[in-house]
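To start, the structure itself, in structure tokens.
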2 protein chains.
Amino acid sequence: MTGNAKPRAVEKPAGGKTRIQMENETRILGAALDIFSESGFHGATLDRIASQASMSKPNLLYYFRNKEEIHVALLTGLLDVWLAPLREIRPDGNPVDEIGSYIRRKLESSRSFPRESRLFANEILAGAPHIGDFLQTELRQLVEEKAAILQGWIDDGRMATCDPRHLLFAIWSTTQHYADFSVQVRHVLGLDPGDKSYYDEAANMLETLFLGQLISVN
Amino acid sequence: MTGNAKPRAVEKPAGGKTRIQMENETRILGAALDIFSESGFHGATLDRIASQASMSKPNLLYYFRNKEEIHVALLTGLLDVWLAPLREIRPDGNPVDEIGSYIRRKLESSRSFPRESRLFANEILAGAPHIGDFLQTELRQLVEEKAAILQGWIDDGRMATCDPRHLLFAIWSTTQHYADFSVQVRHVLGLDPGDKSYYDEAANMLETLFLGQLISVN
DNA sequence: GTCTATAATACGATAGAC
DNA sequence: GTCTATCGTATTATAGAC
């Protein structure tokens, strides 16, 4: 022994976690996202999550106290990413640019993070037992803020009269649909699993729907 | 004994089921719809379904072989109701009337059958293990048929150029959203549980979105 | 930190009396 | 047809060696 009892800063940084701890937690969360988003909370088992993470079940439970803690960690970690596209809407822009780019960001989010979208959808469908608070406070406040921006454009005559909160619902539902209901989309279009070519068609559709005029007056 | 051995037609009709059988199956299916739509297939337990049906668990399993059989019975019974609004679209109508009334029927279906909508959503999210065939055959064929009608209107210059199948996806997602994500809708709008007043606002929004022009060109 | 073994329980399903 | 009792298994979680 060379007589150095000082804890090594590299392995135990002020944050509190060693490198191996962070790596394993990341691996577990990735595996859990696979399984939870595929099967829902009750359909997922610790066995499958552990297997997906190439880890024994007791070892997995060394990092997370129980199944629910993994689920909550995924959900709370997801929320900031989830709100990012909406946060970017700026009051000093114009409706076409701001709403158009918001839709593109949201659709891109569905394309890039379908597992996260399905995890969120499962949670809402189950009655939002873990994120009810978030929905009633943080999300509601953000929606009020952005809806006020849209309402300003309506008052200026730059948009049709409508409830801007429901416009946001329409954007959420149409974009998230391509992640959450991707199985149905592919089956109806006759596409192979993993084929995501429909996202380009979706982008065109949503641009026509939200930014153009869909039906001619005749 | 009065010596009449003939089976009683009232209790054993040609269909094959007695009155009490039909009543109990109906009660079980209603209870199962409550529980499955609230908790998903794996989150639901036979105990809760039996309790909701005011019936013992073994008695419940006298009418259905197992849990999955109840689930399948609900899903298959749902599919015709599910497609009814789409079937009604007529080629000899005009875009505004046909699409407008389709949206109203679909939204009314969400308002009246939110449990069925959530059951369907849970099934799709889980990868459609039981209705994958239906999606690839019956639903796909119906979509092709109705998309052809919409394409005709596009070719006639009565609608903007777009992929009509994706227009149907947009109608499905926006209308079903109010049933499937009702918890989020209520939390964001600050409504009490059970308050469905948002459906009228939704109807206005969807009419503006699909039938009017949302954003002015300026 | 990781493992094997196992405890504890929740749940689907069945047996058998009535 | 309905019940009580119970079996068998899947699954969450822990104990304790290394």
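A note on names: the letters A, B, ... follow the listed sequences, proteins ahead of strands, and every chain is numbered from 1. The basis for the numbers below is simple: all heavy atoms, side chains too, and nothing from hydrogens, waters or symmetry mates.
- A salt bridge links A/Glu23 with A/Arg19: at least one charged nitrogen is closer than 4.0 Å to a carboxylate oxygen.
- If you check residues 51-64 of chain B against DNA chain D, the residues with a heavy atom closer than 4.0 Å are B/Ser56, B/Pro58, B/Asn59, B/Tyr62, B/Tyr63, listed by number.
- Atom NE2 of B/His71 and atom C1' of C/dG12 are 16 Å apart (whole Å).
- Note that the first and last nucleotides of DNA chain D, 5' to 3', having any atom under 4.0 angstrom from a heavy atom of chain B are D/dG1 to D/dA5.
- Few gaps surround OH on B/Tyr63; more than 12 heavy atoms of other groups in view lie less than 6.0 Å from it.
- If you check every strand for non-hydrogen atoms under 4.0 Å, A/Ala44 touches sugar and phosphate atoms only.
- In this pair, A/His71 and A/His130 present their aromatic rings perpendicular. The plane angle is above 60°, beyond the 30 to 60° band.
- Looking at A/Ser197 and A/Asp195, their side chains do bring a donor and an acceptor atom within 3.5 Å of each other.
- In this structure, B/Phe41 places its CZ atom 12 Å from C1' of C/dC11, rounding to the nearest Å.
- Under the 4.0 Å criterion applied to side-chain N and carboxylate O atoms, A/Glu38 and A/Arg48 are assigned as salt-bridge partners.
- The CG-P distance, from B/Asp47 to C/dA13, rounds to 12 Å in whole Å.
- Sequence neighbours left out, the pairs with a member in residues 198-208 of chain A that pass side-chain hydrogen bond (donor to acceptor under 3.5 Å, both in side chains) are A/Glu201-B/His166.
- With respect to A/Asp34 and A/Arg115, a salt bridge is recorded, a charged nitrogen being found less than 4.0 Å from a carboxylate O.
- Positionally, the nearest nucleotide of DNA chain D for B/Ile20 lies more toward the 5' end than for the other of B/Ile20 and A/Arg65.
- Atom CG in A/Asn66 sits about 16 Å away from atom P in C/dT9, given to the nearest Å.
- Salt-bridge formation is not detected for the pair A/Arg104/A/Glu108: no Lys NZ or Arg NE/NH1/NH2 atom is positioned less than 4.0 Å from an Asp or Glu carboxylate oxygen.
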